[in-house]
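Below: the structure, in structure tokens.
Just so we're on the same page: letters track the sequence lines, and every chain starts at 1.
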Amino acid sequence: MSGSVLFDAPGPRARRRILIANILGVVAVLALLAWVVKVLADFGQLDAAKWSSFAQSGTWENYLLPGLVNTLKSAAIAIIASLVFGLVFGMGRLAQNKLVNGVSSVIVEFFRAVPVLLMMIFFWIFFGRMGIVPSGDAPFVAVVLALTLYNGSVVAELVRSGVHGLPKGQREAGIAIGLTRGQSLRLIEIPQALVAMMPALLGQFVVILKDSALGAIINYNELLFSGRLVGTGNANVFQALVVVAAIFILINFALTYLAQWVSTRVARRRAKASATEDDGSDDIGLVMPEGPGITTPRK
Amino acid sequence: MDAYLSLWETYGGQMLSTFWTNLQLTFWAAIASFLLGTLLALMRISPVPSLRWAGAAYVNIFRNTPLTIILTFGVLVLFGVFRVTLASDFNLNFFRIAIIGLTIYHAAFFCEAIRSGVNTVPLGQAEAARAIGLSFLPAARIVILPQAFRGAIAPIGNVLIALIKNSTVATAGSVAEISGTMKVMMEFRPDVGIPIFLTVAVFFVIVVLPVGMLTTYLSKKLAVAR
């Protein structure tokens, strides 16, 4: 799509130029890779001994797999909790009642503006010191809570923009058959908005999974934390971080592909439902909500 | 109240100076990652397959890597293993390595933001540019990118806000910044834990909200009328 904006079928001269640029590009990429490999080899980072600890089952059984389980555990709980949080406060922001609306707005805007890491450090030390949770569980609770508050607020905005994106006729029809505004919101608008926001929602799950790695900073023994232990224990930090990053990238790739697949499904569904409605299914629209931070409601 | 005021006496200066570090990290990383992101976006929309592929590979890899890993990598690997030294001063070295880490990560998001702006430029603009004889780079520079940047202000603003908040993760790269200060304060004064958190949080709200409002305003004001 974006590729076709700037050029179309090139003529013979342009084709030759593109071919030359292409070859130069390949050479540049290969040269960069060769340089990286050379530096790695010079520092002895490609030696088999540096990598061998990842061929041992002990490394995986005692460190990486438990770490991965903890990462997935915190991410999964945070995903479910932020969905609930997002639905509650998203509906709060759509409420007629000024008080409910105002309180929801302040909460959502506040938690979107505060760095997740600050919340994690706060909950970690506060809960640990106050004895609200056993100090061993404090990092886990802090990770889940911080991820939930931030991402729940983003989901709340997704809910709000999803409902705003619906045709006005939906609510009018709901009211015409005698539903109250609240009933029409719950029974008619939210279910449709949820379908429309599915791709952005899956993108937000990628953010949750990535941000769960912040837990390593507050000593939650997730994947990055255990990877660092492996690396410092075997003097192969570089290799350990590469393996950990690769695991994160693979899981996120899978989620991103799922999001793209769902996005095309949703687009097709909505195109069938109405030809005039803005389907909002361009792949770029999908990219932004999975960005590193705040998403604005798309109108 | 007295407890809170004594907190400011003890830690006030440290809070402000470390928050200033966050703003500096944001400033340099924003400039560098915007430039790198523009280059990547150009690569991704160019007619040259190898450059398109390289740009897409970069974005897909770094967008899916946790920032914490990248910044940990900076201190444990770039400095710890490869002895990268960008400054003779220890702290300045970590500061600069952290800027590189933040840049590498956020360039991928700036690239996608700019590319989303390119998608708002109608096909006719590119066709018109070609019709008057401009080739790819002149067409991009004179016709496409100026409109694309104007269409991309809102997403660029979102990435900028994320960058401001993500500067706290530089603590994983051994930079003395505000989240580290907050941790120290929380450990020594848990009695005023909630006020400490709210104070530091307000620092960010004060910076983030105006940036959000400004980019929303600019994105409306500068929107290309079509």
Side-chain angles (χ1 to χ4, degrees), chain A residues 1-8 10 14 18 21-23 25-26 28-29 39 43 45 109-110 113-119 121-122 125-126 129-130 206 210-214 216-217 224 228 231-232 237-238 241 244-245 248-249 252-253 256 282 284-285 287-288 290-296, chain B residues 44-45 47-52 54 60-61 64-69 72-73 76-77 80-82 106 109 112-113 115-116 118-119 121 123 126 130 135-136 139-140 144 154-155 158-159 161-162 165-166 168-169 171-172 179 182-183 186-187 190 193-194 197 200-201 204-205 208-209 212 216:
Chain A
M1 255 189 337
S2 57
S4 65
V5 172
L6 287 171
F7 53 87
D8 57 359
I18 289 174
N22 198 12
I23 292 170
V26 171
V29 170
V39 170
F43 277 87
Q45 294 301 320
E109 292 297 336
F110 177 76
V114 177
V116 180
L117 180 61
L118 284 189
M119 295 190 231
I121 292 177
F122 167 69
I125 299 179
F126 189 71
R129 287 294 168 98
M130 292 289 148
V206 173
K210 277 196 307 181
D211 280 356
S212 73
L214 288 170
I217 298 175
L224 173 57
R228 233 169 38 190
T232 44
V237 193
F238 169 72
L241 288 183
V244 168
F248 269 105
I249 291 172
N252 286 335
F253 259 15
T256 309
D282 53 300
I284 296 305
V287 165
M288 280 325 293
E290 79 186 33
I294 289 177
T295 45
T296 42
Chain B
R44 289 202 72 176
I45 60 175
V48 183
S50 63
L51 295 184
R52 274 211 305 267
N60 282 325
I61 287 175
N64 287 312
T65 311
L67 178 60
T68 325
I69 293 186
T72 309
F73 192 91
L76 290 185
V77 177
V81 177
F82 297 107
H106 290 91
F109 292 95
E112 292 306 277
R115 220 161 59 95
S116 79
V118 171
N119 271 13
V121 181
L123 199 57
R130 273 200 306 280
S135 60
F136 171 71
I144 308 295
N158 288 338
V159 180
I161 288 172
K165 298 194 298 168
N166 283 339
T168 52
V169 186
T171 200
S179 71
M182 193 185 92
K183 187 177 161 215
M186 293 283 303
E187 273 166 352
I194 294 176
F197 170 66
V200 178
F204 279 92
V205 173
V208 164
L209 285 191
T216 310

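Only the side chain of I217(A) comes within contact range of chain B, judged by heavy atoms closer than 4.5 Å. Heavy-atom distances place both the backbone and the side chain of I194(B) under 4.5 Å from chain A. For a residue to count as touching a neighbouring chain, one of its non-hydrogen atoms must lie under 4.5 Å from one of that chain's; by this rule V29(A) touches chain B with the side chain only. Heavy atoms of M119(A) lying under 4.5 Å from chain B belong to its backbone as well as its side chain.
Between M182(B) and L118(A), the closest heavy-atom pair is CE-O, 3.2 Å. Closest approach of G193(B) to F122(A), counting heavy atoms only: O-CE1, 3.5 Å. Residues S50(B) and G25(A) share a closest heavy-atom pair of OG-CA, 3.5 Å.
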What verdict does the side-chain contact (heavy atoms from CB on, under 4.5 Å) test give for F248(A) and N64(B), after you've listed the backbone C-alpha separation in whole Å, the side-chain angles of each residue and the deciding distance to 0.1 Å?
CA-CA 7 Å; F248(A) 269 105; N64(B) 287 312; over 6 Å; no
Walk me through it: do R129(A) and E187(B) pass the test side-chain contact (heavy atoms from CB on, under 4.5 Å)?
CA-CA 8 Å; R129(A) 287 294 168 98; E187(B) 273 166 352; 3.9 Å; yes
Does the pair K165(B) and V116(A) meet the rule for a side-chain contact (heavy atoms from CB on, under 4.5 Å), with working shown?
CA-CA 8 Å; K165(B) 298 194 298 168; V116(A) 180; 5.8 Å; no
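Among the candidates T65(B), N60(B), I69(B), the residue making the largest number of heavy-atom pairs closer than 4.5 Å to chain A is I69(B). Interface summary for chain A: among L67(B), L209(B), L51(B), V169(B), the most heavy-atom pairs under 4.5 angstrom belong to V169(B).
Rounding to the nearest 0.5 Å places NZ of K183(B) at 6.5 Å from CD1 of I125(A). A distance of 8.0 Å separates CG in L214(A) from CG in N166(B), rounded to the nearest 0.5 Å. Taken to the nearest 0.5 Å, the CG atom of L224(A) stands 5.0 Å off from the OG1 atom of T72(B).
V114(A) has its side chain within reach of F197(B): a pair of non-hydrogen atoms, C-beta onward, lies under 4.5 Å apart. Side-chain contact check for F126(A) versus P190(B): every heavy-atom pair is 4.5 Å or farther apart. In this structure, the side chains of I18(A) and P49(B) come closer than 4.5 Å at one or more pairs of heavy atoms. In this structure the side chain of F73(B) reaches within 4.5 angstrom of the side chain of F238(A), judged on heavy atoms.
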